[in-house]
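Keep in mind that this is a model prediction, so the values were computed, not measured. Heads up: numbering here begins at 1 and tracks the sequence. Below, each value reflects all heavy atoms present in this structure, side chains not excepted, and no hydrogens, waters or symmetry copies.
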Amino acid sequence: MTARRAFLMAGGAGLSLLAAPVVSVAQQKGKIWRIGFFYLGSRELALDRYGIFLEGMRELGYTEGRNFVVEMRPADAQYERLPGIAAELVQLKVDVIVANGTFIYRTLQKATSTIPIVITTSPDPVKEGFAKSLARPGGNITGLSTGNAEIAPKYVELMHLAMPKLSRLAVLMNTTNVGHPGQLAIVRSAARKAGMTLIEVDAHNSDEIDRGFRKFVDNRAEGVIAFGDTFFSQQMRQIVELAIRHRLPSLFTTPEYAAAGGFLSYGPDTRELFRRAAFYVDKIFKGAKPGDLPIELPTKFELIVNRKTGNRLGLVIPQELILRADRVIE
């Protein structure tokens with residue numbers, strides 16, 4: 001098991017700012033902060049991330065109900081509800097909103113330019129238009145980036161390491177996620193350099209995921225990479241089971257997929273990003289402006305190999321892959 005994910009601030013000034021000693025919550029005696037917790041996915045996933053966030057708040061000396069209250073709003077991936085939820089949080093005059101999902105970030109941008117927003121899982125906040133720069137976001141949005149765009153070539157490298165004869169690689173994406181086209185361009189380039197044919201599927205609902213896997217099979221795909229996406233997280237069981245059923249070794253971008261039966265996962269521990277979000281909330285409560293708080297990039301990415309799934313698929317897993325893994329699921 002690896003230690004808790006470490007993070008690197010984008011800029012030295014930001015590093016000293018977030019590393020500053022924690023000021024006692026007692027200094028804000030009498031103030032009960034109101035936090036909006038806006039999650040794009042299911043209530044089940046929202047409750048899990050909410051629990052991690054609360055742990056982070058407790059570690060900083062806060063107690064729910066005494067120092068702060070939370071207005072939790074899971075959207076259950078019902079995109080038509082997002083504007084209404086955003087408007088509700090604005091009307092409640094929350095002090096800060098902890099948010100997840102590009103669609104939510106965009107909705108909140110339209111709903112408020114004054115309430116601080118802490119984002120948790122953005123592959124590239126600058127390209128997505130949420131910050132002027134990582135070092136100095138400049139508006140009312142700050143938080144954490146998953147850095148997926150930067151590590152996309154690793155996906156191809158790891159699949160090739162797992163299957164040295166791999167020549168036909170599939171990609172499952174959701175182009176309503178604005179980070180996916182950029183990641184796809186990088187994966188295309190890496191696949192081309194490796195002499196691989198890329199089979200691409202753009203899926204926005206469960207039926208399209210089913211049809212996508214049939215396309216992979218019809219086009220003789222030998223493995224599949226699924227880009228990180230909140231909707232895909234809701235369909236995790238479906239995607240993992242389809243990959244196994246069609247005997248396609250899979251690579252995902254978050255650890256939960258490997259735990260659920262995916263073959264490989266490579267990326268930051270996204271659950272821990274919600275714990276880290278508490279540090280941003282704390283700094284904002286103490287007077288920091290979100291536009292001055294640098295957006296963090298992860299410095300460590302975890303490689304998990306599910307040997308059980310690999311054996312089930314009949315793979316001969318190279319020892320080099322096992323040695324490079326942070327964790328092996330037997």
Side-chain angles (χ1 to χ4, degrees), residues 25 28 30-43 45-54 56-57 60 62-123 125-132 136-145 176-179 230-231 234 273-296:
V25 177
Q28 298 132 28
K31 170 71 174 179
I32 297 180
W33 302 95
R34 187 176 293 271
I35 303 171
F37 191 91
F38 195 0
Y39 192 85
L40 180 60
S42 68
R43 182 171 297 272
L45 286 173
L47 286 171
D48 175 77
R49 272 52 171 180
Y50 175 63
I52 296 294
F53 171 70
L54 289 185
M57 292 297 289
L60 292 169
Y62 292 88
T63 303
E64 188 178 15
R66 186 168 67 188
N67 310 118
F68 71 97
V69 295
V70 180
E71 301 289 346
M72 189 175 76
R73 298 294 187 273
D76 291 311
Q78 297 177 30
Y79 296 91
E80 68 279 3
R81 295 180 56 205
L82 301 187
I85 294 175
E88 182 183 359
L89 291 173
V90 171
Q91 290 168 6
L92 287 170
K93 298 181 178 179
V94 294
D95 297 291
V96 63
I97 300 173
V98 176
N100 163 262
T102 297
F103 278 96
I104 285 181
Y105 308 154
R106 292 205 180 285
T107 302
L108 288 172
Q109 271 187 316
K110 296 176 182 177
T112 178
S113 60
T114 56
I115 297 175
I117 298 164
V118 177
I119 63 176
T120 51
T121 54
S122 171
V126 177
K127 285 186 178 179
E128 290 181 307
F130 305 129
K132 293 179 181 177
R136 200 171 184 83
N140 64 320
I141 296 177
T142 187
L144 303 115
S145 171
T176 60
N177 185 318
V178 296
T230 303
F231 169 65
Q234 291 206 165
L273 299 181
F274 286 85
R275 187 191 308 275
R276 186 64 183 168
F279 285 82
Y280 279 86
V281 171
D282 175 57
K283 295 301 174 186
I284 290 168
F285 284 174
K286 290 168 182 169
K289 296 179 180 179
D292 296 333
L293 291 173
I295 293 173
E296 288 185 0

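Here the closest heavy-atom approach between residue Arg49 and residue Phe37 is recorded as C-CZ, 3.9 Å. Considering every non-hydrogen atom in both Ser145 and Ile295, the closest pair reads N-CG2, 4.0 Å. Nearest heavy-atom pair, Thr107 versus Ala86, reported as atom, atom and distance to 0.1 Å: CG2-CB, 3.7 Å. The two residues Pro137 and Pro294 make their nearest non-hydrogen contact at CD-CA, 4.2 Å. When all heavy atoms are compared, the tightest approach of Val118 to Gly143 is CG1-CA, 4.1 Å.
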Exercise. Starting from the C-alpha separation in whole Å, work towards a yes-or-no answer on side chain to side chain contact (heavy atoms under 4.5 Å, CB included) for Leu144 and Phe279.
Key: CA-CA 11 Å; Leu144 303 115; Phe279 285 82; over 6 Å; no

Practice problem: Just do the side chain to side chain contact (heavy atoms under 4.5 Å, CB included) check on Lys132 and Val126 with the steps written out, would you? | Solution: CA-CA 6 Å; Lys132 293 179 181 177; Val126 177; over 6 Å; no

Exercise. May I have the step-by-step check of side chain to side chain contact (heavy atoms under 4.5 Å, CB included) for Phe53 and Val281, ending in yes or no?
Key: CA-CA 10 Å; Phe53 171 70; Val281 171; 3.9 Å; yes

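Considering only residues two or more places apart in sequence or on other chains, Ser113 meets the side-chain hydrogen bond (donor to acceptor under 3.5 Å, both in side chains) condition with none of them. In this view, Pro123 and Glu128, Thr146, Asn148, Gln183 satisfy the side-chain contact (heavy atoms from CB on, under 4.5 Å) rule, not counting sequence neighbours. For Ala77, the side-chain contact (heavy atoms from CB on, under 4.5 Å) criterion is met by Gln234, not counting sequence neighbours. Checked against side-chain hydrogen bond (donor to acceptor under 3.5 Å, both in side chains), Thr230 has no partners two or more places apart in sequence or in another chain. In this structure Glu64 satisfies the side-chain contact (heavy atoms from CB on, under 4.5 Å) test together with Tyr50, Leu54, Phe68, Val70, sequence neighbours excluded. Taking the side-chain hydrogen bond (donor to acceptor under 3.5 Å, both in side chains) definition, one finds that Thr63 meets it with Arg66, sequence neighbours left out. Applying the side-chain contact (heavy atoms from CB on, under 4.5 Å) criterion to Phe103, with sequence neighbours excluded, gives Tyr79, Leu82, Thr176. Residues satisfying the salt bridge (Lys or Arg N to Asp or Glu O under 4.0 Å) criterion with Arg34, sequence neighbours excluded, are Glu71.
Ring geometry, Phe130 versus Tyr105: the interplanar angle exceeds 60°, so the pair is classed perpendicular (tilted spans 30 to 60°).
The salt bridge (Lys or Arg N to Asp or Glu O under 4.0 Å) contacts involving residues 107-119 comprise nothing, where partners must be two or more places apart or lie in separate chains. Residue pairs that meet the side-chain hydrogen bond (donor to acceptor under 3.5 Å, both in side chains) test with at least one member in residues 80-101, sequence neighbours left out, are Arg73-Glu88, Asn100-Thr121.
Here the straight-line distance linking atom CG of Leu89 with atom CD1 of Ile35 works out to 12.0 Å at 0.5 Å rounding. To the nearest 0.5 Å, atoms CG (Asn67) and CG (Leu60) are separated by 11.0 Å.
Residues Leu108 and Ile141 have side chains not in contact (no heavy-atom distance under 4.5 Å, counting atoms from C-beta outward). Side-chain contact between Thr114 and Asn140 is absent, with no heavy-atom pair separated by less than 4.5 Å. Counting only heavy atoms from C-beta outward, the side chains of Leu273 and Glu296 never approach each other to under 4.5 Å.
Checked options Thr112, Val96, Thr142; the residue passing with Ile117 is Thr112 (criterion: side chain to side chain contact (heavy atoms under 4.5 Å, CB included)).
Panel note: side chain Thr120, backbone Ala99; a donor-acceptor pair is recorded below 3.5 Å.
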